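A short worksheet on the structure shown next.
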Amino acid sequence: MYATNLLLNWFWPIIAFGINSLLGAIVEMIILLIVVVVNGVLFYIVDKISGVLFIPYFIYLSYATLLCIHIFILNNLVTFINVIFLYKH
């Protein structure tokens, strides 16, 4: 499971910046959030301190995910406004 976490972390910049797919990056981050929770629980079963140390990572990743969602919404809103108001008939 930890290897999955590492792979998802490695693929995120490729999806977000290499492919320029913000929506794909958001989907990947949501999957990563689920994997982080599962990792945290599995680590907690083995060693409580290791499991608890996943909490700040989860909080950071949640914030980053919300930030990406917000950027995606704003980018699409600006595109929508440009199409509606700046389109010359």
Side-chain angles (χ1 to χ4, degrees):
M1 186 57 70
Y2 189 72
T4 305
N5 187 6
L6 291 176
L7 282 174
L8 287 171
N9 273 314
W10 186 76
F11 277 116
W12 186 86
I14 294 170
I15 295 169
F17 302 119
I19 302 173
N20 288 328
S21 174
L22 195 55
L23 183 59
I26 291 168
V27 170
E28 195 265 354
M29 288 176 85
I30 292 170
I31 294 169
L32 183 58
L33 277 168
I34 294 167
V35 170
V36 166
V37 169
V38 172
N39 261 337
V41 170
L42 292 175
F43 272 61
Y44 187 81
I45 292 169
V46 174
D47 181 39
K48 292 188 183 350
I49 294 173
S50 297
V52 169
L53 287 174
F54 271 88
I55 294 172
Y57 178 45
F58 176 78
I59 292 169
Y60 158 75
L61 191 58
S62 298
Y63 176 73
T65 303
L66 290 174
L67 186 63
C68 280
I69 291 169
H70 188 71
I71 290 170
F72 179 78
I73 290 169
L74 287 178
N75 281 344
N76 287 323
L77 182 62
V78 167
T79 303
F80 178 74
I81 290 171
N82 285 337
V83 167
I84 296 296
F85 294 110
L86 300 177
Y87 180 70
K88 305 280 185 202
H89 295 286

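This one's a predicted model, so the numbers in the text were calculated from it and none came from an experiment. For the single chain, residues carry numbers from 1 onward in sequence order.
Legend: residues meeting side chain to side chain contact (heavy atoms under 4.5 Å, CB included) with V52, ordered by chain and number and at least two apart, are Y44, I55. Among residues two or more places apart in sequence or in another chain, the ring-ring contact (aromatic ring centres under 6.0 Å, His included) test is passed with F43 by Y2, F54.
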Please tabulate, for side-chain N and O atoms in residues 65-76, each donor-acceptor pair with protein atoms closer than 3.5 Å (sequence neighbours left out).
{"from": "T65", "atom 1": "OG1", "to": "L61", "atom 2": "O", "distance (Å)": "2.7"}
{"from": "N76", "atom 1": "ND2", "to": "F72", "atom 2": "O", "distance (Å)": "3.2"}

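Listed by first then second residue, pairs satisfying side chain to side chain donor-acceptor pair (under 3.5 Å) with a partner in residues 9-30 read N5-N9, N9-Y57, not counting sequence neighbours.
There is no path of hydrophobic side-chain contacts, each under 4.5 Å, that joins L23 to I14. Linking ILVMFWY residues whenever their side-chain heavy atoms come closer than 4.5 Å, directly or via other members, places L42 and V35 in the same cluster. Cluster membership check: I19 does not share its hydrophobic cluster with V27, using side-chain heavy-atom separations under 4.5 Å among Ile, Leu, Val, Met, Phe, Trp and Tyr. In the hydrophobic cluster analysis, where Ile, Leu, Val, Met, Phe, Trp and Tyr join through side-chain heavy atoms closer than 4.5 angstrom, I31 is grouped together with Y60.
Within the hydrophobic cluster formed by Ile, Leu, Val, Met, Phe, Trp and Tyr side chains joined at under 4.5 Å, directly or through other members, I49 is accompanied by L53.
With respect to L8, the side-chain contact (heavy atoms from CB on, under 4.5 Å) criterion is satisfied by exactly one of L32, L33, I15: L32.
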